[in-house]
Amino acid sequence: MRSWRGFPEGCLPIPKCYHKGNVPQDLRIATVRILESERLEDLSVRRLAKEVRVAPANFYNHYGSLNDLLLEIAVEHFQVLREQIAHIRRTSAHRTDALKRIAFYWVDLGRTRSELYRLMFGYLPDAYAHHDYRLAAGAALEDLMELIYGYRVFTLTDDCDPNDVETLEKKVQVGYGLYAMLCGLSSLCIAHAPIGPFSGSKNPREDTATFLDGVLDAFIKGDMARVLNAKEPGD
């Protein structure tokens, strides 16, 4: 006896491992979706293949490894970061205002999308061996330095490697200090941090902005020097 679908009663059609969509794009979308609520450590090729309904072997038709997929996602989000830096620079009254807005965007990324932030900034120890990641991360750093200094301090075509800290720190010491501070502040504010300045806040976005404003003012206005040179009570 035939069912209305044309299959024998009591039988189901064998599912085909066929995917009409853009498999690489679907894999990236699925990965980002998972990272909205789960950790990078929870990802696997089998898990992603199941999400987009392809055979696990099909994954390797598009990516050599899970790390290759993750680094491609990191490259895409570095481009988003660069676009945000460019937009803020165009729409800010002055560089100080632009810097504060970028700092908030940077730290808020760590707070609200912590796994993507981890992926962009250090989750994979061999990330700089990946050509596209190295270029994207370096270009984002160039943009940040240009915003701080007001001119293009270095480019990827310079004789010096933009990832060579020893060489570049002489040219962009203040910039590297700020970069390190932003990374540190973001680590304090990541969503799954057990402690941090906003772990129990009822208004974390507003409190983050207020906190960063004070920290950056101290950095920009030189309050650290005044604190270090101030006399201790009783002196």
Quiz item: Considering all heavy atoms of both residues, which atom of Thr96 and which atom of Ile220 are nearest to each other, and what is their separation?
Solution: CG2-CD1, 3.9 Å
Quiz item: Just by modelled atom types, is the Gln25 backbone N or O under 3.5 Å from a matching donor or acceptor in the Asn22 side chain?
Solution: yes
Quiz item: side-chain hydrogen bond (donor to acceptor under 3.5 Å, both in side chains) with Asn61: which residues, sequence neighbours excluded?
Solution: Asn58
Quiz prompt | Distance-minimising heavy-atom pair for Glu38 and Asp42 | solution = CB-OD2, 3.7 Å
Quiz prompt | Centroid separation Tyr117 to Tyr123 less than 6.0 Å | solution = no
Quiz item: Going only through I, L, V, M, F, W and Y residues with side-chain contacts under 4.5 Å, is there a path from Leu70 to Ile29?
Solution: no
Quiz prompt | Least distance between heavy atoms, Leu182 atom then Ala103 atom | solution = CD2-CB, 3.5 Å
Quiz item: Is the shortest distance from a Lys or Arg side-chain nitrogen in Arg152 or Asp143 to a carboxylate oxygen in the other one below 4.0 Å?
Solution: yes
Practice problem: Please say which of Ile73, Val80, Leu40, Thr31 ends up in a side-chain contact (heavy atoms from CB on, under 4.5 Å) with Leu116. | Solution: Ile73
Quiz item: According to the interplanar angle, ranging from 0 to 90°, do the rings of Phe121 and Tyr179 count as parallel (below 30°), tilted (30 to 60°) or perpendicular (above 60°)?
Solution: tilted
Self-check item: Shortest non-hydrogen contact from Val45 toward Pro56
Solution: CG1-O, 4.0 Å
Quiz item: Shortest non-hydrogen contact from Met120 to Tyr133?
Solution: O-OH, 2.6 Å
Practice problem: Take Arg33 and Glu51, measure what salt bridge (Lys or Arg N to Asp or Glu O under 4.0 Å) needs, and give me the verdict at the end. | Solution: CA-CA 10 Å; Arg33 184 177 65 249; Glu51 288 285 329; 3.0 Å; yes
Quiz item: Is Glu146 salt-bridged to Arg95, cutoff N-O under 4.0 Å?
Solution: no
Quiz item: Could Asp108 and Arg205 be called an ion pair, given the rule that one side-chain N must be under 4.0 Å from one carboxylate O?
Solution: yes
